[in-house]
2 protein chains.
Amino acid sequence: MARLPEYLRALHNLAETGHETVSSEGLANAAGVNSAKLRKDLSQLGSYGTRGVGYDVGLLIDQIEYVLGLTQRRAVALVGVGNLGHALAGYDGFASRGFRIAALLDADQERVGEEINGLVVQHIDELPRVAAEESIAIGVIATPAAAAQRVADQLVAVGVTSILNFAPCVLSVPEGVDVRKVDLAIELQILSFHEHRKASLTALPAAGGSALTALPGGLAVTESQEAIGT
Amino acid sequence: MARLPEYLRALHNLAETGHETVSSEGLANAAGVNSAKLRKDLSQLGSYGTRGVGYDVGLLIDQIEYVLGLTQRRAVALVGVGNLGHALAGYDGFASRGFRIAALLDADQERVGEEINGLVVQHIDELPRVAAEESIAIGVIATPAAAAQRVADQLVAVGVTSILNFAPCVLSVPEGVDVRKVDLAIELQILSFHEHRKASLTALPAAGGSALTALPGGLAVTESQEAIGT
DNA sequence: AGGCGCTTGTGAAGACGTGCACAAATCGCG
DNA sequence: CGCGATTTGTGCACGTCTTCACAAGCGCCT
């Protein structure tokens with residue numbers, strides 16, 4: 001499940017604040033989900049809760065980390081050291097949560113040789129050598145959209161089977177390769193949609209009209225995390 | 001729907017390459033979704049396709065931009081000008097897709113006054129004034145997790161009703177405020193899970209064992225975008 | 001003008017995720 | 001040792017999303 005990492009983060013918080021055990025209700029609140037959903041998710045991992053008590057925080061952390069494959073520190077190659085790539089290279093959230101940026105790569109010779117956070121940017125042509133040396137299985141694409149597909153092909157060619165794509169485009173990859181996409185502008189556009197919806201609803205509570213002037217209020221909205229209470 | 005921005009991006013690509021019309025199949029490929037799903041999504045906006053021909057690219061762009069509320073250029077306040085905030089401030093994908101970063105804010109006096117991409121970083125205490133001047137409805141939080149909730153409260157207090165949160169924590173906001181969360185490390189962890197699953201399956205195609213050593217292959221996996229063909 | 005091929009729009013069926021509500025199980029205390 | 005409070009694990013029902021399949025509609029060509 002895609003919620004496991006969120007649980008893991010909440011569990012680490014709890015562990016740091018000295019909690020030995022946690023109830024499904026407590027963990028669900030910390031992770032921002034329903035308690036029944038959380039219990040159902042955790043039951044998929046096998047039973048690790050004690051009825052009447054709750055879950056052992058440490059044990060649950062180990063278990064989730066095992067399932068997520070975080071027992072080994074995975075090496076990641078980051079391609080594209082532009083604006084966003086720079087930030088990603090310096091983002092300590094990766095290192096603190098089980099990942100090691102093993103290589104920074106870029107196609108621009110201007111950027112090759114630059115040192116970021118203790119790592120030197122190498123040319124993308126070095127990818128085959130680097131991938132072999134570091135046994136890289138995960139690649140991050142932070143290039144412009146025009147270069148993303150080419151980079152993806154190169155990553156796949158050297159054995160990368162998981163790609164995190166920040167470029168605003170759809171990647172074609174062979175079967176067996178996983179792609180996750182993060183598009184920062186899309187996130188904002190989704191918020192903009194909600195803004196527009198809210199504005200329409202308050203301005204014209206009961207509006208009809210032609211299709212062209214129809215308000216978007218009728219669209220189904222699956223909000224991500226609304227009104228978590230206080 | 002959350003897929004509309006993706007369609008919009010694909011449509012802009014098509015428009016730039018000179019396409020006047022596009023079939024649902026073509027647009028679905030460009031956006032990486034099923035054609036039936038795309039047609040159903042577009043039918044929610046009202047009928048804008050011509051049977052036997054397809055959709056008018058320009059018309060569809062206008063329609064989607066209207067529904068997403070992109071007819072006005074929305075002002076965004078970015079709080080937290082650290083590593084990630086820096087990159088976001090310089091990310092031109094925002095400007096090119098209907099958003100204007102109207103203010104950069106940070107609580108660190110060291111960073112106040114710094115100029116990024118033509119904008120000067122202001123202190124977070126300036127938020128009420130800035131929000132009033134720029135009529136800001138969307139806030140982006142790129143602070144450490146410890147500061148995120150406090151910033152969210154401040155944003156809500158000045159009338160922000162949509163928040164994009166990059167901090168790895170759950171935010172509590174009043175009803176009516178939308179929060180979207182992007183956690184870069186979580187994306188990697190999800191990929192790691194897939195890596196682990198793939199490794200387990202290839203190494204031990206039919207494994208049993210106790211719960212502790214059980215393989216995660218049994219977990220339901222809803223892949224985001226796997227095997228889009230060539 | 002008529003037919004043919006192509007594409008949209010949609011009804012229906014199925015898969016999936018979600019949440020409730022309750023039985024089973026465990027601990028602590030008298 | 002037994003009882004009650006508490007919490008997990010899960011069967012069931014519901015709503016949503018997805019996909020297939022096909023009728024309806026449109027343009028083009030003859």
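These numbers come from a predicted model, not from an experiment. Letters A, B, ... are given to chains in the order of the sequence lines, protein chains preceding strands, and every chain is numbered from 1.
- In this structure, the CG atom of L59(A) is 15 Å from the C1' atom of dT8(D), given to the nearest Å.
- The nearest pair of heavy atoms linking R73(A) to A95(A) is NH2-O, 3.0 Å.
- With sequence neighbours excluded, the residues that form a salt bridge (Lys or Arg N to Asp or Glu O under 4.0 Å) with R3(A) are D41(A).
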Can you give each donor-acceptor pair under 3.5 Å made by side-chain atoms of residues 11-19 of chain A, sequence neighbours left out, with the distance rounded to 0.1 Å?
from: H12(A); atom 1: ND1; to: L8(A); atom 2: O; distance (Å): 3.4
from: H12(A); atom 1: NE2; to: E65(A); atom 2: OE2; distance (Å): 3.4
from: T17(A); atom 1: OG1; to: N13(A); atom 2: O; distance (Å): 3.2
from: T17(A); atom 1: OG1; to: L14(A); atom 2: O; distance (Å): 2.9
from: T17(A); atom 1: OG1; to: H19(A); atom 2: ND1; distance (Å): 3.0
from: H19(A); atom 1: ND1; to: L14(A); atom 2: O; distance (Å): 3.4

Distance-only check: which donor-acceptor pairs under 3.5 Å involve side-chain atoms of residues 141-154 of chain A, not counting sequence neighbours?
from: Q149(A); atom 1: OE1; to: S172(A); atom 2: N; distance (Å): 2.9
from: Q149(A); atom 1: NE2; to: D153(A); atom 2: OD1; distance (Å): 2.9
from: Q149(A); atom 1: NE2; to: S172(A); atom 2: O; distance (Å): 3.0

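- Listed by chain and number, the residues in a salt bridge (Lys or Arg N to Asp or Glu O under 4.0 Å) with R97(A) are D183(B) (sequence neighbours excluded).
- If you measure from atom CD of Q63(B) to atom P of dT8(C), you get 16 Å, rounded to the nearest angstrom.
- The separation between Q44(B) atom CD and dT8(C) atom P is 16 Å, rounded to whole Å.
- Partners of R9(B) according to the salt bridge (Lys or Arg N to Asp or Glu O under 4.0 Å) rule, which considers only residues two or more places apart in sequence or in another chain, are E6(B).
- Qualifying ring-ring contact (aromatic ring centres under 6.0 Å, His included) partners for Y7(B), counting only residues two or more places apart in sequence or in other chains: none.
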For this session: Go through the steps to decide whether F99(B) and S192(A) satisfy the test side-chain contact (heavy atoms from CB on, under 4.5 Å), and finish with yes or no.
Result: CA-CA 9 Å; F99(B) 298 93; S192(A) 173; 3.8 Å; yes
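- Atom CG of L38(A) is separated from atom P of dG17(C) by 16 Å (rounded to the nearest Å).
- Rounded to a whole Å, the CG atom of D56(B) is 13 Å from the P atom of dT8(C).
- Listed by chain and number, the residues in a salt bridge (Lys or Arg N to Asp or Glu O under 4.0 Å) with E134(A) are R100(A) (sequence neighbours excluded).
- Residue Y55(B) places at least one side-chain N or O under 4.0 Å from the OP1 or OP2 atom of dG9(C).
- Using five terminal pairs a side, the axes of the helix from dA1(C)-dT30(D) to dG30(C)-dC1(D) at its two ends make an angle of 0°, given in steps of 10 degrees.
- Proximity of S24(A) to the phosphate of dT7(D): no side-chain N or O atom is located under 4.0 Å from OP1 or OP2.
- Here dT8(D) presents its C1' atom at 14 Å from CG of L45(A), a figure rounded to the nearest Å.
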Exercise. With the sugar-phosphate defined as primed atoms, P, OP1 and OP2, and the base as all remaining atoms, what B/S/- string results for nucleotides 18-27 of chain C, 5' to 3', for protein heavy atoms under 4.0 Å?
Worked result: SBBB--BBBS
